[in-house]
Structures are given as structure tokens and as C-alpha cells.
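Notes follow the structure.
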Amino acid sequence: MLVRPALLIFLPVWFGAGIAAYFALTVEPPILVPRLVASFLLAATLISFKLRTSSVTLFLWPLLLAASGMAWVQYYSHQKIAPVYQSGDVPTWVRANVEQIEPRPGMKRLILTDLDFWRPETGKFPAESHPRKIRLNVRTPIEATIKPGDRVQVTTILSPPPGKPVYPNGYHFGRYAFFEEIGGVGYSISPVKRLKYDHQETLSSTIHTLRTNVTERIRSHFPEDKQREASIATALLTGVRGDIPRNTLESFRTSGLGHLLAISGLHMAMVMAGAYLMLRLFMAAIPPLALRFNIKKISALCAIFTGLFYLLLTGMPISAQRAYIMASMFFFAILVNRTGTPMLPVAWAALLILIIRPDAIITPGFQMSFAAVIALVATYDWLRHRLVSVHELTSFQRFLRYTGGILLTSFIAGLATTPIGLYHFGYLSNYGLLANLLAVPLTSFWVMPLGVLGLLTMPFSLDGVIFTLMGWGISYLSDWAEWVTSLEGAKLSLVKLPLWIFVCGCISGLIACLIKQAAPRLIALISFFIIFACGFLFSPQPHFLISGEADLFAITQDNALLVNTKQKGRYIRSKWEQYTGLNKSKLINDKSLINYSDKKDYYQFDLLKHSALILMDQAASPPLQTCIEASFIIQFFDAPHPCPENQTATRITQQQLHEKGTHAVTLSHPPQIYTVADAEGQRPWTR
């Protein structure tokens with residue numbers, strides 16, 4: 001079934017399967033086991049190859065690559081283990097080197113490294129207790145001349161990165177911080193001052209400084225009332241998107257245009273293809289150069305280096321790395337006079353990224369970027385021999401094909417990324433096709449060409465007018481996104497898919513795209529739709545949730561998320577809305593739905609023949625009959641409570657909540673209690 005190019009295409013699939021299996025475990029495997037298994041499989045594969053038993057070799061290769069992926073990611077993870085700040089939320093004096101400066105709405109965010117901590121009352125912290133990096137939100141004054149590589153001093157309030165998600169299998173900032181080597185997060189309470197030390201110039205600081213300078217240069221060409229356009233321009237050109245207004249960012253996501261704000265294939269293609277065409281046209285206009293040199297190959301080589309520069313300038317996000325590797329392979333094929341299988345550049349890009357950053361496989365950026373490009377390459381490869389040549393079409397037919405191409409591209413990319421977006425973010429953009437129909441041509445023919453031209457003319461101070469024109473296009477683009485978002489039903493929220501449904505659906509999608517035989521492809525495609533349709537229709541919605549902080553709970557009743565308070569836990573509430581597929585939370589204020597004391601010291605509710613009693617503090621005094629009939633008793637404290645008569649009720653105490661994180665309860669038969677600790681287990685990034 002699989003020919004040799006197909007085997008190469010499946011290399012990152014097998015390698016990535018081992019990495020994904022490592023992250024799916026809830027217990028850290030012994031350090032030597034994956035390495036020993038990989039070594040044994042390597043020896044067996046070499047012996048099989050030597051004996052020319054091709055069927056055995058074909059069977060062993062996937063196992064070897066999967067074991068190698070698991071061994072590699074485990075080694076990579078253990079290299080990231082470092083101290084975490086543990087001294088509590090008290091003022092701490094910090095001296096550190098600035099690694100990165102990112103503008104945010106109303107503040108700046110600093111990544112600091114090479115740290116020194118101290119307090120006047122206790123002195124300097126031991127060096128072995130210092131994290132490798134901390135992330136600091138700065139709303140206090142900061143010297144305008146500070147740049148990456150400078151050493152600064154600031155007084156901070158720090159804490160460890162959050163160790164648990166706010167719901168099972170939710171976004172895990174603690175895991176993200178672990179792999180980014182961030183051992184503390186916090187904010188400044190004093191001005192950030194630059195110390196009079198020699199500036200430590202490194203390649204990383206030079207790139208970050210250049211990125212910061214280019215970002216500020218772009219922003220300087222936009223007036224104060226055009227900061228929305230300025231923030232989108234910097235996101236498109238330098239990857240700095242932290243200061244995009246929240247409502248603008250939400251409108252792009254809801255309308256299905258969020259992909260335009262991520263540096264990806266469109267942006268990289270404009271930069272590299274633009275550099276290739278401009279240089280080739282310039283050299284072709286000079287006959288001595290055109291006659292003596294292979295200007296096609298020279299232009300291709302320059303395009304590769306231009307793309308590398310742009311990749312570094314944008315901060316090297318995963319989607320940009322994927323786009324650069326694929327585009328570089330295209331131009332490298334020009335250098336060596338070769339053509340290749342369309343899917344091979346995708347496979348090599350995935351394999352290289354998984355080797356460099358194996359943790360990328362669990363990020364939505366990696367998953368959505370590769371899902372979209374794999375689906376598009378497979379679709380257009382299938383259509384390649386089934387469409388009439390463009391040279392045989394009239395101008396009107398070419399326009400129709402272009403319009404149809406935009407719709408087809410948006411549909412295929414949306415189809416491939418929708419399950420991933422629903423799993424990670426919990427909503428569906430219903431008007432993505434409509435939004436992309438105007439936004440893609442506007443971005444491709446106006447916004448991005450002017451942006452690239454602005455970058456090229458920046459050294460000659462000719463970029464001012466160009467960025468002004470670019471801002472007009474961005475303004476139309478933003479207004480279009482807001483209009484689409486304002487349409488009724490633009491956003492559909494759904495309950496979070498179970499992990500196993502998500503994994504099975506992704507496997508079906510990969511088979512449908514990577515195997516060319518018609519029958520297996522059709523079966524896999526049908527399975528893809530059936531799996532996700534069943535997942536959306538039958539995914540269980542938890543009936544109530546209790547936060548790990550033991551101060552917030554929510555009930556899913558009458559298609560609403562009812563919470564006990566809105567004075568705290570705003571972030572947790574928003575994530576619970578995403579988890580349950582319910583748009584907005586409401587305050588419990590209807591005693592016909594839920595019984596609660598006027599003092600709000602206990603709540604009692606009945607769902608599906610189960611009675612739950614939530615005791616908010618030790619002074620709660622529910623009726624004795626309520627205690628006796630309760631199936632669940634949740635205590636937001638650890639001391640004994642006068643409800644001892646009921647020995648059969650499931651009890652959840654404050655200590656259990658703190659240890660296991662958010663509890664999600666589904667009132668099936670028997671009831672299921674799923675906690676964050678159940679999903680996360682004991683891993684290097686859990687605390």
C-alpha cells in the first residue's frame with residue numbers, strides 16, 4: 001500500500017506518536033525504559049535489514065521511531081527541570097538581564113534571565129534556588145532606553161507559575177512555563193531601572209533588539225487614534241501581537257480570521273517569493289548579469305536567507321517555522337534542479353520541529369498549522385490532474401476559479417482545524433467562509449505586499465507613506481471582521497471533546513490525507529466525520545464543577561452555568577464556560593432552582609435523582625434531613641462538620657480540592673468524578 005515516498009511522509013507521524021504518547025501518560029516512565037526499548041528496536045531493525053526481511057523491517061520501523069520519539073522527548077523534558085520560585089507573594093528585589101520586551105495593553109511584559117534575588121531582611125537568595133527565567137508584567141515606569149541584553153533592577157511580587165489547569169485537560173500554563181524555563185511570574189511594584197553594567201550583546205539579544213526597534217518604527221507611523229491598526233501591522237510583520245486590543249482580537253477569532261494574525265504560510269510566501277521575484281527581475285534587467293550567471297538560482301538562494309531573517313525577526317513561532325522550512329525546500333529544489341512529492345516538505349518540516357521542540361506537538365499552534373497545510377496539500381494534489389489548465393480558461397473563468405479557490409481553501413482549512421479549535425478553545429466560527437472571501441484577497445494583494453515593501457524601504461526612510469497605506473487596508477480588514485462577528489450566530493460554543501475522541505479523529509484525518517489509495521482514504525474520511533459528529537453530539541457535559549481553590553462552584557442547569565459568586569474567579573469562570581460550551585455564567589439567585597441559605601453559607605441542589613450539599617464554611621447549618629439525603633457533600637474547609645449522620649455520601653474536602661485541583665462531576669450511573677490531577681498525573685511539570 002505504501003511506496004517509499006509514503007514511508008518518508010510517515011516518519012514524523014510515527015516519531016510524533018511516541019512524543020504524544022509520552023504526554024498522554026499520567027506517570028513519568030523510568031528514565032532508562034524508553035531508551036532501552038529504542039536501542040533494542042534499533043538493533044532488531046538493523047538485523048532485519050541485514051537479513052533482507054523487508055516485511056519485518058517495515059513492521060519495526062514505526063515502533064523504532066515511536067520509541068525514539070518518546071526517549072527523545074523524555075530527555076528533552078528532563079533538561080528543562082529547574083528551580084521554581086517558592087517564596088510567596090512578598091516584595092522581592094531582582095537584578096536580571098532582559099531577554100525579551102513585549103508590549104501589552106497598558107503595560108510591558110519582560111522575560112528576565114540571569115537572576116539575582118534578595119530581600120533586605122533576609123539577604124541574597126542562594127544561587128541554586130534561582131529560576132532560569134521569570135516573566136514580569138510592568139505597569140510601573142520603565143526607562144525607554146532599556147533593550148534586550150541590558151541588566152535591570154526592579155522590586156517585584158512573584159509567585160510560582162500556576163501548577164494546574166482550571167479544568168481537566170484544560171490549558172496548562174504551568175506546563176507551558178516549564179518548557180519555556182519560566183520559574184516565576186509576577187508584576188513590578190517599583191520603576192524598572194537600567195544598571196550601569198556592560199551591555200551583554202548576544203545573538204538572541206541582537207535579534208530581540210532588532211525586533212523591538214522594527215516594531216517601534218512601524219508603530220511610529222500610526223497616529224494615536226490608529227493604535228488598533230498599528231498593533232495588527234506589528235502582528236503581521238514582526239509577530240508582536242500582545243498589544244492587540246482584546247475586542248479586536250476576539251472579533252478576528254470569532255469571524256474565523258484569527259489565522260491572519262499568526263505568522264504562517266501567507267506571510268512567509270509573500271516575503272520569500274517577493275524577494276525572489278524582485279531580485280530576479282532586477283538582475284534580468286542587467287544583461288551582463290543575466291547572461292553570465294544563473295540568476296534563477298542566485299535569487300532562490302537569496303530568498304532562503306531573506307526568509308531566515310524574517311523568521312528570526314518574527315520570534316520564530318511554530319507556524320512560521322513550518323512555513324519557512326517548506327518554502328526553503330521549494331527554493332532548494334530550484335537550486336538542485338529537482339521537483340518532489342508535494343507532501344514531503346510538510347513531513348520534513350514536522351520532523352525538524354519535533355526534533356527541535358518536541359513539546360510543540362501538544363500546542364494548538366502546531367496542530368492547527370499542520371492540520372491546515374496537510375489537508376490543503378492533499379486536496380490540491382488530488383485536484384492537480386483533474387482541473388483544466390489555467391491557460392485554457394478565459395479571464396472570467398480565471399476569476400471564478402480564483403474565487404472558488406479562496407472558498408475551497410477556506411473550507412478545507414476550516415474543516416481540518418475546526419476539531420482542533422473546538423478541543424482547545426470551545427467554539428466554532430460559523431461565518432469563516434464569508435469572512436475569508438474578502439479578507440484573504442485584501443490581505444494578499446494590499447496589506448501584506450505593502451507591509452513587505454515597508455520593511456524593505458525602512459533602511460531608506462521611505463516607509464512612512466507605505467505603512468499609512470497599509471493601515472487603510474488593515475482598517476477595512478478590522479471593520480470587516482467586526483461586522484462578521486456582529487452577525488447573529490457568528491459563534492457557536494460546544495462542550496469540550498474528550499481526549500480520546502480528539503485523538504481518534506486526528507488519526508482518521510491523517511490517514512485520509514496521507515494515504516493515496518481511494519478506498520482507505522474514503523473510509524478514513526467517513527470515519528473522521530462520524531467520530532467528531534458523535535463526539536459533539538454525545539460528549540458528556542459535567543453537571544457541576546468545584547474549583548481547586550475551594551471558593552467557587554458552578555452548576556450546569558437549564559442551559560446555563562450557574563455560579564455562587566462573580567466577585568472572584570473571573571478567569572476560572574471564563575474557562576469553565578469554554579469547557580461546558582455555555583456562553584455566559586449567571587449568578588445563583590433563584591431559590592426555585594437551588595436551595596441556599598440567606599447567609600450563603602451552604603447550597604443544596606437536586607439533579608438526576610442526586611442531591612449535592614455544598615458547605616461554604618464551618619458555621620453552615622443545613623437541615624438534618626438535607627444532610628441525610630445528600631449524595632455529595634462538598635466542604636470548602638477541612639474541619640469536621642455536623643453532618644456525620646450520612647456515612648454513604650461522597651465527601652470532597654478543601655484539602656482534596658487543593659491537592660487534586662478542579663473536580664468535574666458527571667451524574668451518570670454511577671456518578672463520575674474527574675479531577676485535574678487525574679488528567680495530569682505526576683510529571684516533571686506538575687507540582
Side-chain angles (χ1 to χ4, degrees), residues 214-215 217-223 225-241 244-245 248-249 251-253 255-278 281 303 306-307 310 313-314 319-320 323 327 372 376 395-396 398-410 413 431-458 460-485:
V214 172
T215 299
R217 176 67 175 266
I218 294 171
R219 294 182 64 86
S220 68
H221 294 301
F222 291 84
D225 60 339
K226 295 290 184 181
Q227 290 309 297
R228 178 188 67 172
E229 287 77 6
S231 61
I232 294 176
T234 58
L236 293 173
L237 298 177
T238 64
V240 177
R241 50 187 294 183
I244 298 178
T248 300
L249 189 60
S251 67
F252 270 80
R253 289 173 174 169
S255 63
L257 300 180
H259 64 95
L260 295 179
L261 300 179
I263 306 295
S264 58
L266 173 64
H267 311 76
M268 193 63 69
M270 292 294 297
V271 171
M272 296 180 71
Y276 173 79
L277 292 173
M278 290 177 61
L281 289 174
T306 302
Y310 183 63
L313 182 66
T314 58
S319 56
L376 289 172
S395 298
F396 181 68
R398 292 180 184 180
F399 172 76
L400 290 180
R401 176 178 285 192
Y402 173 76
T403 305
I406 293 176
L407 291 174
L408 180 62
T409 298
S410 300
Y431 301 124
L433 283 177
L434 173 65
N436 282 280
L437 185 61
L438 176 64
V440 170
L442 183 62
T443 305
S444 301
F445 295 110
W446 184 347
V447 175
M448 277 305 298
L450 287 173
V452 173
L453 185 60
L455 291 177
L456 294 175
T457 58
M458 191 175 289
F460 310 104
S461 299
L462 301 175
D463 52 322
V465 176
I466 296 173
F467 283 126
T468 299
L469 295 174
M470 181 188 181
W472 294 351
I474 292 175
S475 181
Y476 293 133
L477 183 66
S478 302
D479 292 342
W480 175 248
E482 292 176 1
W483 181 80
V484 173
T485 301

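Inter-residue side-chain proximity for F252 and I232 is flagged as met; some heavy-atom pair is nearer than 4.5 Å. Using a 4.5 Å cut-off on side-chain heavy atoms (C-beta onward), T306 and Y276 make no contact. Side chains of I218 and F222 form a contact here, defined as non-hydrogen atoms less than 4.5 Å apart. Residues R228 and S475 form a side-chain contact, since some pair of their non-hydrogen atoms from C-beta on lies under 4.5 Å apart. Inter-residue side-chain proximity for W480 and L257 is flagged as met; some heavy-atom pair is nearer than 4.5 Å. Residues P223 and E229 fail the side-chain proximity criterion, which asks for heavy atoms closer than 4.5 Å. Residues E482 and T248 form a side-chain contact, since some pair of their non-hydrogen atoms from C-beta on lies under 4.5 Å apart. The closest side-chain heavy-atom distance from M470 to I466 is not below 4.5 Å.
Within the 3.5 Å criterion, the main-chain N or O of T485 finds no donor-acceptor partner in the side chain of S251. Remark: side-chain polar atoms of H267 are paired, donor with acceptor, to backbone N or O of L260 under 3.5 angstrom. S410 contributes no side-chain N or O that, together with a main-chain N or O of L407, makes up a donor-acceptor pair within less than 3.5 Å.
In terms of heavy-atom proximity, S255 sits nearest to A435 at O-CB, 3.2 Å. Shown here for S444 and M270, the closest heavy-atom pair between the two residues is O-CE, 3.5 Å. Contact between A327 and M272 at its shortest, heavy atoms only, is CB-SD, 3.5 Å.
Atoms CG and CZ, from L236 and R241 in turn, are 9.5 Å apart once rounded to the nearest 0.5 Å. Atom NZ of K226 is separated from atom OG1 of T468 by 10.5 Å, given to the nearest 0.5 angstrom. Separating the CZ atom in R217 from the OG1 atom in T215 is a distance of 12.5 Å, to the nearest 0.5 Å. Here the CE-CD1 distance, from M448 to I474, works out to 9.5 Å after rounding to the nearest 0.5 Å. Between the CG atom in L455 and the CG atom in D463 there is a gap of 8.5 Å [rounded to 0.5 Å]. Note that CG of L450 and OG1 of T443 are 11.5 Å apart. Values are rounded to the nearest 0.5 Å.
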L261 vs L249, side chain to side chain contact (heavy atoms under 4.5 Å, CB included): CA-CA, chis, key distance, verdict: CA-CA 9 Å; L261 300 179; L249 189 60; 3.8 Å; yes
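No more than 12 heavy atoms of other residues, nucleotides or ligands sit less than 6.0 Å from atom OH of Y476. The environment of CE in M458 is crowded: more than 12 heavy-atom neighbours from other residues, nucleotides or ligands sit within 6.0 Å.
Ring-plane geometry between F467 and H221 is classed as parallel, the angle between the planes falling under 30 degrees on a 0 to 90 degree scale with a further cut at 60.
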